[in-house]
Amino acid sequence: MNKLALYCRIGFEKEVAAEITDRASERGVFGFARVVENSGYVIFECYQPGDADRLAREIPFNRLIFARQMLVVSDLLENLDPQDRISPILAQYKHIAEDINLKQAVELFVETADTNEAKELSTFCRKFTVPLRQALKKQGWLQGKPNAKRGQILHCFFTQPNCCYVGYSYLGNNSTHFMGIPRLKFPADAPSRSTLKLEEAILTFIPRNEESKRLNENMVGVDLGACPGGWTYQLVKRGLFVYAVDHGKMAASLHDTGR
Ligand SMILES: C[S@@+](CC[C@H](N)C(=O)[O-])C[C@H]1O[C@@H](n2cnc3c(N)ncnc32)[C@H](O)[C@@H]1O
């Protein structure tokens with residue numbers, strides 16, 4: 001187990017690779033990042049065994065800008081038998097359990113990358129979660145309470161129906177969201193879907209109890225290339241007065257707010 005997998009928004013793989021390489025080398029950990037453009041994830045392979053686990057504990061996850069999730073993973077399991085994918089996955093977790101107390105694990109996520117092609121696997125992942133969870137529980141693992149502060153989330157990360165990485169992330173230093181993506185509801189009155197990008201960023205980077213201090217009605221924002229106003233909407237919703245600059249038209253509903 002000398003690899004870290006980092007999930008990201010499609011197109012940000014190089015940024016994730018640069019970020020993890022820097023954060024690792026600051027800690028004297030060396031390795032190389034395998035980048036496939038537009039894959040939605042990066043694998044960082046450490047040269048020393050044990051280093052991936054160390055990075056997963058020591059790199060403050062909430063300081064990573066581009067990674068949505070950070071987990072320690074096995075080698076890629078390939079050519080899984082469709083009749084029995086569970087046995088090789090269990091074998092990997094038995095290996096992991098020699099070092100990590102998987103009894104404390106609180107959740108299992110069977111995931112894919114956030115790309116259109118990978119999403120075709122999501123129905124399979126959902127169905128596969130049930131028997132895999134049962135098999136893991138039968139081993140005495142996955143007994144942690146959902147609101148526990150310590151423990152792990154177990155991840156089975158499928159790149160194809162017969163290929164997956166098996167791994168874990170540490171509670172308190174991971175994202176607790178499935179695929180690392182907060183489930184956000186598109187606000188009916190927002191002018192564009194891109195509003196969710198800024199909302200995800202605000203929820204990721206600003207602790208809930210600091211939001212009103214960091215974004216409020218005493219502040220002014222500038223949105224350059226703002227049309228039709230999805231990002232301006234997020235700022236106006238939090239009370240800011242926004243200079244929205246574009247040669248296109250802003251949504252009338254935003255003008256109506258007077259902000
Ligand atoms: C992707 S859209 C922005 C979407 C916006 N953030 C939202 O959430 O709705 C980019 C915008 O940048 C504007 N834009 C690009 N170059 C510009 C320029 N030189 N001056 C003003 N607006 C520009 C375009 O007109 C376009 O509306």
Side-chain angles (χ1 to χ4, degrees), residues 5-23 33 35-42 59-70 109 111-122 159 174-259:
L6 300 122
Y7 303 161
C8 62
R9 189 180 273 281
I10 184 168
F12 287 91
E13 297 81 10
K14 282 189 188 151
E15 286 78 359
V16 169
E19 200 173 26
I20 189 66
T21 307
D22 282 355
R23 296 293 88 79
V35 177
V36 178
E37 277 185 51
N38 298 325
S39 63
Y41 69 98
V42 168
I59 294 178
F61 174 70
N62 61 6
R63 304 292 297 276
L64 292 176
I65 295 168
F66 296 103
R68 282 172 158 171
Q69 185 61 284
M70 170 171 67
F109 288 156
E111 298 169 309
T112 66
D114 184 25
T115 65
N116 287 337
E117 305 79 64
K119 266 187 214 147
E120 287 176 17
L121 277 173
S122 55
T159 55
N174 64 356
S175 163
T176 51
H177 300 293
F178 183 69
M179 291 169 62
I181 308 172
R183 296 288 130 189
L184 301 176
K185 194 164 176 288
F186 176 64
D189 55 340
S192 64
R193 284 203 67 78
S194 67
T195 200
L196 295 179
K197 290 185 188 168
L198 189 57
E199 186 167 21
E200 181 180 338
I202 290 171
L203 293 177
T204 302
F205 293 116
I206 303 183
R208 286 294 67 70
N209 58 0
E210 284 184 28
E211 197 178 296
S212 58
K213 195 173 83 194
R214 310 248 306 251
L215 293 170
N216 60 50
E217 62 284 352
N218 299 319
M219 293 177 170
V220 173
V222 180
D223 187 352
L224 300 178
C227 169
W231 290 22
T232 293
Y233 171 90
Q234 289 294 332
L235 299 179
V236 165
K237 197 171 89 170
R238 290 172 172 82
L240 280 80
F241 185 91
V242 181
Y243 289 97
V245 181
D246 207 301
H247 38 62
K249 272 195 170 178
M250 293 295 281
S253 55
L254 285 170
H255 286 290
D256 295 344
T257 64
R259 302 298 287 165

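Atoms within each ligand, like the ligands themselves, are counted from 1 in listed order. Computed from a predicted structure; not experimentally measured.
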Note to self: Set out, in order, the CA-CA distance, both residues' side-chain angles and the distance that settles ring-ring contact (aromatic ring centres under 6.0 Å, His included) for Y7 and Y41, then state yes or no.
What the structure shows: CA-CA 4 Å; Y7 303 161; Y41 69 98; 7.6 Å; no

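- Here K14 pairs with E37 in a salt bridge; the nearest charged N to carboxylate O distance falls below 4.0 Å.
- At a 4.0 Å heavy-atom cut-off, the residues surrounding ligand 1 are S192, S194, G225, A226, C227, P228, G229, G230, W231, D246, H247, listed by chain and number.
- Salt bridge status for E200 with K197: absent, with no side-chain N to carboxylate O gap under 4.0 Å.
- With a 4.5 Å cut-off on side-chain heavy atoms, R68 and D114 count as touching.
- Applying the salt bridge (charged side-chain N to carboxylate O under 4.0 Å, His left out) test to every pair with at least one member in residues 245-259, sequence neighbours left out, gives no pairs at all.
- Cation-pi contact between R183 and F178: absent, since separation from the ring centre below 6.0 Å together with deviation from the ring axis within 45° is not met.
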